[in-house]
Amino acid sequence: MNATSAEIASQPDVWARAAEELTASAARELAAPGERMLILGCGTSWFVAQSLAELRESAQLGETDAVCASEFRPRRRYDRVVAVTRSGTSTEVLEALRQVPSGAHRVAITAVENEPVDDLTDTRILLDFADERSVVQTRFPTTVLALARATFQHASETPDLAQAQAALSTADSLNLAQPRDVRLNAASPPQNARFSPESLVADGLEALTLTLPADPADIDHLVFLGTGWTVGLAHEAALKVREAAQAHSESYPAMDFRHGPVAVAGPRSLVWSLGDVPPELDDVARGAGATTYRNDLDPLAQLLLVQRFALALAAHRGLDPDNPRLLTRSVVLT
Ligand SMILES: O=P(O)(O)OC[C@H]1O[C@](O)(CO)[C@@H](O)[C@@H]1O
């Protein structure tokens with residue numbers, strides 16, 4: 001078995017460990033209500049940042065932005081800047097952290113100790129047991145998301161919103177970071193509402209045994225669709241297929257599929273919906289001749305199935321997923 005496959009298979013166990021051991025400490029770093037937060041990263045870690053930001057804001061914990069590290073500009077005020085970086089060495093992440101204005105608390109979510117990111121951050125969430133030999137990231141990003149979701153769920157079960165509002169009033173009166181209303185998403189339900197680590201693990205185990213949605217021999221184009229926090233997952237799913245299988249792979253906020261992308265779908269396309277995607281989009285995709293796929297598993301567990309499909313497609317194309325073309329564990333610019 002290649003290293004990537006073994007790491008994919010280990011995910012349910014690693015998620016359970018992260019939720020069990022780190023939820024309380026991660027809550028201090030990620031779930032302080034009312035803080036204005038920026039989350040940044042490159043590649044996979046940027047897509048994780050997108051999902052994290054949506055999950056945190058929809059959990060009414062405060063305004064949360066995500067940015068690709070190379071596009072960070074120190075224009076907005078943040079209470080906390082979180083860098084997601086498995087390696088702790090990606091040049092653009094380090095550059096962005098160097099530009100963070102003083103006063104913002106800087107946090108690294110990483111898999112390795114004693115890397116350059118440590119010198120540029122104040123605190124750290126260390127997921128060393130989720131580190132990977134594989135260049136292509138699988139279990140580190142999903143473990144970050146599993147932990148964050150456990151953390152946000154934990155925060156929502158701790159009736160702190162009143163306390164948070166009090167803290168906000170204090171911040172306002174002192175003219176501190178001026179966070180806006182932590183209830184800014186009150187009109188839409190939290191997207192993580194039914195999350196439990198146990199059901200995620202159960203769904204992950206199921207995703208390890210499910211039949212793949214299509215025969216890789218029949219597919220050479222994939223489109224992943226998501227809404228809310230699963231838009232980031234869709235981007236990560238598409239990246240996985242590009243990285244591991246060198247296949248044409250795209251991703252969109254679901255409703256945008258009609259706004260152009262459908263034009264390149266055809267009989268060798270697989271259109272894969274992750275999470276709460278309007279079912280009529282399947283009709284649109286099928287109208288273009290594509291195969292469609294969706295299931296009821298937790299969307300993070302579905303990402304595991306995407307990873308399995310990416311490896312099956314790589315095998316069909318004679319590729320070694322442990323040695324992806326032109327990729328390295330992290331990009332260090334000189
Ligand atoms: O999380 P890190 O270590 O900063 O690395 C991000 C890297 O991960 C990858 O997804 C690995 O292929 C690349 O997109 C990117 O270079």
Side-chain angles (χ1 to χ4, degrees), residues 2-5 7-8 11 14 18 30 38-53 66-72 81-100 106-121 124-148 224 231-247 249-251 300 303-304 306-307 310-311 313-314 319-334:
N2 56 58
T4 314
S5 296
E7 285 161 359
I8 288 171
Q11 286 173 104
V14 178
L30 302 177
L38 174 68
I39 311 176
L40 56 82
C42 298
T44 288
S45 295
W46 173 36
F47 302 138
V48 169
Q50 291 176 9
S51 290
L52 282 182
V67 71
C68 180
S70 59
E71 293 300 317
F72 172 67
V81 175
V82 177
V84 182
T85 172
R86 176 181 69 174
S87 64
T89 59
S90 292
T91 298
E92 298 96 317
V93 171
L94 304 179
E95 277 303 311
L97 287 169
R98 285 189 189 100
Q99 295 180 59
V100 171
R106 298 161 307 169
V107 183
I109 306 180
T110 187
V112 195
E113 284 183 280
N114 301 322
E115 292 295 351
V117 76
D118 284 350
D119 296 333
L120 296 165
T121 45
R124 177 177 65 196
I125 299 173
L126 182 65
L127 290 165
D128 48 359
F129 54 86
D131 198 8
E132 296 159 303
R133 276 186 293 153
S134 173
V135 167
V136 173
Q137 297 199 33
T138 59
R139 74 180 181 189
F140 175 75
T142 60
T143 303
V144 174
L145 283 164
L147 174 61
F224 295 95
V231 174
L233 279 194
H235 294 329
E236 167 55 11
L239 180 67
K240 224 54 351 182
V241 172
R242 289 192 290 271
E243 288 181 327
Q246 295 170 31
S249 178
E250 307 167 57
S251 47
L300 193 54
L303 184 58
L304 192 160
V306 174
Q307 296 164 349
L311 261 61
L313 192 56
L319 301 171
D320 172 7
D322 287 349
N323 290 293
R325 179 173 182 264
L326 302 175
L327 301 181
T328 51
R329 177 174 160 87
S330 83
V331 175
V332 178
L333 303 172
T334 49

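One is the number of the first residue; the rest follow in order along the sequence. In listed order, ligands and their atoms are each counted from 1.
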Reported CD1-to-CG distance for the pair I125 and L30, which is rounded to 0.5 angstrom: 4.0 Å
If we set the cut-off at 4.0 Å for heavy atoms, which region of Q137 has an atom near ligand 1: side chain, backbone, both, or neither? side chain
Give the residue and atom name of whichever protein heavy atom lies nearest to atom 10 (O) of ligand 1, and the separation in Å to one decimal. T44 OG1, 3.0 Å
Run the numbers for me: atoms of ligand 1, each under 4.0 Å from some heavy atom of V135, listed by number. 11 (C), 12 (O)
Need the ligand 1 atom indices (1-based, order shown) with element for anything under 4.0 Å from a heavy-atom of G43. 14 (O)
Please write down residue, atom name and distance for the protein heavy atom closest to atom 16 (O) of ligand 1. V331 CG2, 3.6 Å
For E132, which of R139, R86, R329 qualifies under salt bridge (charged side-chain N to carboxylate O under 4.0 Å, His left out)? R86
Note: S45, heavy atoms under 4.0 Å from ligand 1, region reported as side chain
Quick check on contacts: which atoms of ligand 1 are under 4.0 angstrom from a heavy atom of R86? 1 (O), 2 (P), 3 (O)
I need the nearest protein heavy-atom contact for atom 12 (O) of ligand 1: residue, atom name and distance, please. E243 OE2, 2.8 Å
Is the shortest side-chain heavy-atom distance between F224 and V306 below 4.5 Å? yes
Evaluate T85 for polar contact with ligand 1, using N/O atom pairs at a separation under 3.5 Å. yes
Decide whether the shortest distance between a heavy atom of C42 and an atom of ligand 1 is less than 4.0 Å. yes
Do the charged groups of E243 and R325 touch, with an N to O distance under 4.0 Å? no
Tell me: protein heavy atom nearest atom 4 (O) of ligand 1, and distance? S90 OG, 2.6 Å
Does any non-hydrogen side-chain atom of T334 lie less than 4.5 Å from one of T91? no
Side chain to side chain, V107 and R124, heavy atoms closer than 4.5 Å: no
Within this structure, what is the CD-SG distance for the pair E92 and C42, rounded to the nearest 0.5 Å? 4.0 Å
Would you check if there is a donor-acceptor pair between the side chains of Q307 and T138 at a distance under 3.5 Å? no
